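Okay, structure first, notes after.
A quick note: this is a predicted structure, and the numbers were derived from the prediction, not measured.
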Amino acid sequence: MKKTPIISILVLLSLLLTSCHNSTPPEEQPIPETDTYNQWVYITIETVLTRDTTTYFYYGKINDQVMNRLNKGNETGHFTLKDIRYLNNDDLLELYEDEFTTGDLIFRVQDIARIQLLKKDPIYYYDIKELSANALRLSKQKRKPVLKE
């Protein structure tokens with residue numbers, strides 16, 4: 001009949017020991033992000049595989065907290081690049097978003113080769129003739145004239 005307290009103690013100890021275990025090492029934990037994606041960037045990402053290195057060039061928005069961690073030299077973890085734009089095979093600015101994708105990608109911080117900070121959405125830096133059809137639609141929405149009353 002005195003087995004109940006012993007079993008209770010064993011269960012409690014096992015819960016305490018397993019709940020304190022952190023399965024992901026701190027250097028591999030994702031960078032905490034908020035919904036504040038203010039900084040437009042032009043970013044070069046290099047993924048190195050055993051027999052191949054691939055380089056990607058994207059425009060996008062990075063979270064302010066991610067930028068702060070990168071500025072402090074934290075070179076581990078993952079980050080989200082939002083509202084991605086890129087130059088397509090015809091050298092037209094293209095939106096990464098389409099009917100199937102959100103326009104966001106997640107990368108490893110270690111794969112960043114270069115970041116250039118931009119003042120605004122790169123869609124404003126390109127002439128209308130340099131925009132793909134979907135980028136042109138977005139550009140027209142963003143550049144709507146303000147009606148005066």
Side-chain angles (χ1 to χ4, degrees), residues 10-149:
L10 289 175
V11 169
L12 182 62
L13 280 174
S14 68
L15 285 174
L16 285 173
L17 291 175
T18 58
S19 65
C20 294
H21 178 60
N22 188 356
S23 61
T24 307
E27 66 274 1
E28 294 179 13
Q29 291 182 355
I31 295 174
E33 297 186 19
T34 63
D35 290 337
T36 310
Y37 285 81
N38 291 329
Q39 184 59 60
W40 278 100
V41 296
Y42 179 70
I43 191 166
T44 305
I45 304 286
E46 288 184 357
T47 56
V48 180
L49 303 175
T50 307
R51 296 180 183 204
D52 187 34
T53 300
T54 305
T55 305
Y56 302 95
F57 304 94
Y58 290 121
Y59 294 101
K61 288 195 290 187
I62 289 186
N63 181 288
D64 295 336
Q65 289 180 354
V66 172
M67 287 303 299
N68 290 337
R69 279 188 67 182
L70 292 174
N71 286 332
K72 291 177 183 175
N74 187 333
E75 299 176 1
T76 60
H78 294 82
F79 70 96
T80 303
L81 188 64
K82 290 194 161 287
D83 299 333
I84 295 175
R85 286 98 164 87
Y86 65 97
L87 292 176
N88 66 18
N89 292 338
D90 297 325
D91 288 332
L92 299 176
L93 188 69
E94 184 80 54
L95 304 181
Y96 193 81
E97 180 178 358
D98 62 19
E99 61 186 293
F100 303 108
T101 61
T102 63
D104 304 340
L105 290 174
I106 299 172
F107 294 101
R108 292 178 345 140
V109 172
Q110 299 90 315
D111 293 337
I112 297 174
R114 180 174 179 255
I115 296 178
Q116 180 181 355
L117 304 179
L118 303 175
K119 291 183 178 180
K120 57 186 173 180
D121 187 337
I123 210 163
Y124 295 112
Y125 298 129
Y126 287 86
D127 187 64
I128 289 176
K129 292 178 251 170
E130 298 174 308
L131 301 176
S132 67
N134 61 2
L136 184 59
R137 278 191 298 277
L138 179 64
S139 173
K140 288 179 180 179
Q141 289 173 0
K142 288 187 166 208
R143 297 179 192 204
K144 283 185 179 176
V146 178
L147 299 175
K148 295 182 181 179
E149 295 179 19

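Of the inter-residue distances, the one linking R108 atom CZ with T76 atom OG1 reads 10.5 Å to the nearest 0.5 angstrom. Here the straight-line distance linking atom CZ of R69 with atom CD1 of I62 works out to 13.0 Å at 0.5 Å rounding. Summarising the geometry, atom CG belonging to L95 is positioned 8.5 Å from atom CZ belonging to R137; distances are rounded to the nearest 0.5 Å. In this structure, CG on L136 lies 12.0 Å from CD on E130, to the nearest 0.5 angstrom. Rounded to the nearest 0.5 angstrom, D111 CG and T44 OG1 are separated by 12.0 Å. Taken to the nearest 0.5 Å, the CD atom of E97 stands 7.5 Å off from the CG atom of D83.
The side-chain contact (heavy atoms from CB on, under 4.5 Å) test with I43 is passed by exactly one of F79, F57, Y59: F79. Each of L131, D121, L93 was scored for a side-chain contact (heavy atoms from CB on, under 4.5 Å) with S139, with one residue passing: L131.
Of all heavy-atom pairs spanning L117 and M67, the tightest one is CD2-CE, 3.4 Å. Of all heavy-atom pairs spanning G77 and Q110, the tightest one is O-OE1, 3.4 Å. Considering all non-hydrogen atoms of both residues, R85 and W40 come closest at NE-CH2, 3.5 Å.
Considering only residues two or more places apart in sequence or on other chains, Y124 meets the ring-ring contact (aromatic ring centres under 6.0 Å, His included) condition with none of them.
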Let me check something: any side-chain donor-acceptor pairs from residues 48-56 under 3.5 Å, sequence neighbours excluded? List them with distances.
residue	atom	partner	partner atom	Å
D52	OD2	T54	OG1	3.3

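Between L70 and I112 the shortest side-chain heavy-atom distance falls below 4.5 Å.
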Practice task
Evaluate the side-chain contact (heavy atoms from CB on, under 4.5 Å) criterion for residues L81 and V41: first the C-alpha distance (whole Å), next the side-chain angles of each, then the deciding distance (0.1 Å), finally the verdict.
Solution key: CA-CA 9 Å; L81 188 64; V41 296; 4.0 Å; yes

Practice task
Determine, stepwise, if the pair N134 / E94 fulfils side-chain contact (heavy atoms from CB on, under 4.5 Å).
Solution key: CA-CA 7 Å; N134 61 2; E94 184 80 54; 2.9 Å; yes

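Distance alone, capped at 3.5 Å, is enough to place a donor-acceptor pair between the N88 side chain and the D90 backbone. A donor-acceptor pair under 3.5 Å links the side-chain atoms of Q39 to the main chain of L118, judged by distance alone. Counting only distance, with no hydrogens or angles, the side chain of T80 and the backbone of D104 share no donor-acceptor pair below 3.5 Å.
The aromatic rings of Y86 and Y58 stand perpendicular to each other, their planes meeting at an angle above 60°, with 30° marking the opposite boundary.
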